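Predicted model only: the values in this text are computed from it and were never measured.
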Amino acid sequence: MTDQTPTTAIATVPIDDLIRHPETPRRGDIPAISASIEVNGWYGAVVAQSSTRHVLAGNHRMEAARRLGMTDLPVHWLDVDDATARRILLADNRTSDLATYDDEVLVQLLEAAAADDDLIGTGYDSDDLDDLLADTSDGMSLESRFGAPPFSVLDSRQGYWQDRKREWLSLGMMSELGRGEVTDDAAFAGGASRRDADRRSNLTGAPAAPAGWGSGMEYAAPGTSIFDPVLCELMVRWFSPEGGAVLDPFAGGVVRGAVASRLGRSYVGIDLSAAQIAANEGQRHLWETSAGPPPRWVTGDARNLSTLIDDDFDMLLACPPYADLEQYSDDPDDLSNLDPDDFLDVHGDILATAVDHLKDNRFAVWIVSEVRHSRRRGGPCLGLVAATMRAMTDAGLHLYNEAVLVNQIGTLQMRAARAMNAGRKLGRTHQNIIVGYKGDPSEIGEHFASLDLLDEVTW
């Protein structure tokens, strides 16, 4: 990258002297921009590279102006090289994607414009205003009330999500602690370990991970990852009663226990690795000021759940292993060494046993992702998502919610073409959230308090 400071000049030039950038990646709403120009007039300037006359910012405004018959435009000329011009083109589009709205302010602006019968030229109409009003209560946005809009699609790419994640991570969560190399650490054998699904996500800036990895994980560095603390926060807030007890049959790293404790819940996690549990317990700074009791981890195999715990719980929160997608050790008892079909049966048995320890009128939340069958020609999908749903209903739960978590695309953008051409495989950018309910769903309102305001966590 060059250390180049753009030199600039502004002039009014014929529109025909400008060239739409041949590589502009965005597709704008030309009619909406045209309506704005007609009502509000032209404001601002198009940004263009002086040597090529390529427009770097304002391609769609230029096209709208051309359709309206405008012959001259103010142009902000940049004397930059091609590499800098390309970065400016990318940044102009990308920074718009990264921006978010303050819905409360947006509603106020639209209401003021609507009162003047003046929505024309804003890009909004009365239906947009009605939708925004329906999504807010007393001027409060859905993400302010609930942490994220309670829709069946949760989008971790949004600014409010990333801001909240940074707050959680600022506490010093180190979920990678306690994770040695899988091949050198037989302590991680067994179905309860999965070590928080190491190396299973494709977020921007992360090293490449195999297609299909995920489950709410942020892939941070070779061999390390953390469970998304925002996802954990939402699930605990939404699906457990205040002061309730949470059971996690596949504990792994520290995140789920720490988040549950800071939200005032008691937490018990099962993990096969004593080293992992020691690493988790060593991060006491995460819950020393918590509203809830310290999280508790129990060393053991989730297949022996009933011999490890005696209590009943107010929520099940689980992120199970993904068959043999990762093999944690050479131990024959390690679930990752099972044939994938056998794994589905064992996973279903563990789920059923966990449900036996779930109180009536309570939720079970399973975060999974589809994986491919590693031992069948062509790699068809194993059916983990569907099998989890069946296991829930077989265990006596009502299948109550099904949602997806959308992750950032990251390096998948560079790998998708090869996977598509080699085997018509779609790059996976989402995880599945499956929510079951034990009891009478019509009584949920009697057992769970209204979530009128997202409580603040003491950071």
Closest approach of Pro229 and Leu169, non-hydrogen atoms and distance?
-> CG-CD2, 4.3 Å
Donor-acceptor pair between Arg67 and Ser34 side chains, under 3.5 angstrom = no
For the pair Met70 and Met62, evaluate side chain to side chain contact (heavy atoms under 4.5 Å, CB included) and give the outcome as yes or no after the intermediate values.
-> CA-CA 9 Å; Met70 297 177 63; Met62 178 185 68; over 6 Å; no
Closest heavy-atom pair and its distance - Leu344, Ala387 = CD2-CB, 4.0 Å
Find out whether Gln158 and Glu143 are in side-chain contact, i.e. whether some heavy atom of one side chain is under 4.5 Å from a heavy atom of the other.
-> no
Do Trp287 and Val254 come within less than 4.5 Å of each other through their side chains, counting heavy atoms only?
-> yes
When you measure from the side chain of Ser50 to the backbone N and O of Leu78, does any donor-acceptor pair fall under 3.5 Å?
-> yes
Run the side chain to side chain contact (heavy atoms under 4.5 Å, CB included) check on Met235 and Leu154 step by step: do they pass?
-> CA-CA 11 Å; Met235 296 301 100; Leu154 301 176; 4.1 Å; yes
So, do Phe343 and Leu384 sit near enough that their side-chain heavy atoms are less than 4.5 Å apart?
-> yes
Minimum side-chain heavy-atom gap Trp238-Val435 below 4.5 Å | no
With rounding to the nearest 0.5 Å, note down the distance linking CD in Glu242 to CZ in Arg237.
-> 9.0 Å
Ala45 to His76 - nearest heavy-atom pair and separation | CB-N, 4.1 Å
Would a distance-only check, ignoring hydrogens and angles, find a side-chain to backbone donor-acceptor pair under 3.5 Å from Ser290 to Gly292?
-> no
Should Arg87 and Thr84 be marked as a side chain to side chain contact (heavy atoms under 4.5 Å, CB included) after you check the CA-CA gap, both sets of side-chain angles, and the distance that decides it?
-> CA-CA 5 Å; Arg87 290 195 299 272; Thr84 302; 3.1 Å; yes
Calculate, to the nearest 0.5 Å, the distance between atoms NE2 and CG belonging to His430 and Asp155 respectively.
-> 13.0 Å
Side chain to side chain, Gln276 and Trp297, heavy atoms closer than 4.5 Å | no
Knowing that exactly one of Gln49, His54, Arg53 qualifies, which makes a side chain to side chain contact (heavy atoms under 4.5 Å, CB included) with Ser51?
-> Gln49
Would a distance-only check, ignoring hydrogens and angles, find a side-chain to backbone donor-acceptor pair under 3.5 Å from Arg265 to Ser240?
-> yes
Result for side chain to side chain contact (heavy atoms under 4.5 Å, CB included) between Leu73 and one of Asp17, Val13, Leu18 points to Leu18
Could you grab the distance from atom CG of Leu399 to atom OG1 of Thr388, nearest 0.5 Å is fine?
-> 10.5 Å
Leu234 versus Trp161: any side-chain heavy-atom pair under 4.5 Å?
-> yes
For Leu405 against Ser156, the heavy-atom pair lying closest together = CD1-CB, 4.0 Å
Evaluate the side-chain proximity of Val365 to Leu317: yes if any heavy-atom separation is below 4.5 Å, no if none is.
-> yes
Grab the two heavy atoms, one from Val368 and one from Pro320, that are nearest each other, plus how far apart they are.
-> CG1-CG, 3.6 Å
Measure the shortest side-chain to side-chain distance between His347 and Phe250 over non-hydrogen atoms and say whether it is less than 4.5 angstrom.
-> yes
Heavy-atom pair with the smallest gap, counting every atom of Glu370 and Asn432 = N-OD1, 4.4 Å
Please report the C-alpha distance between Arg262 and Glu233 in whole Å, then the side-chain angles of each, then the deciding distance to 0.1 Å, and finally whether the side chain to side chain contact (heavy atoms under 4.5 Å, CB included) criterion is met.
-> CA-CA 9 Å; Arg262 294 187 75 92; Glu233 177 183 13; over 6 Å; no
Separation between SG of Cys232 and CD1 of Ile367, rounded to the nearest 0.5 Å = 7.5 Å
With distance as the sole test, does Arg424 use its side chain to make a donor-acceptor pair with the main-chain N or O of Met420 at under 3.5 Å?
-> yes
Do Glu63 and Asn59 have side-chain atoms, one donor and one acceptor, less than 3.5 Å apart?
-> no
d(Phe363 CZ, Phe239 CZ) to nearest 0.5 Å is 6.0 Å
Rounded to the nearest 0.5 Å, how far does SG of Cys319 lie from CG of Asp228?
-> 11.0 Å
State whether the number of non-hydrogen atoms from other residues, nucleotides or ligands found under 6.0 Å of Arg20 atom CZ is greater than 12.
-> yes
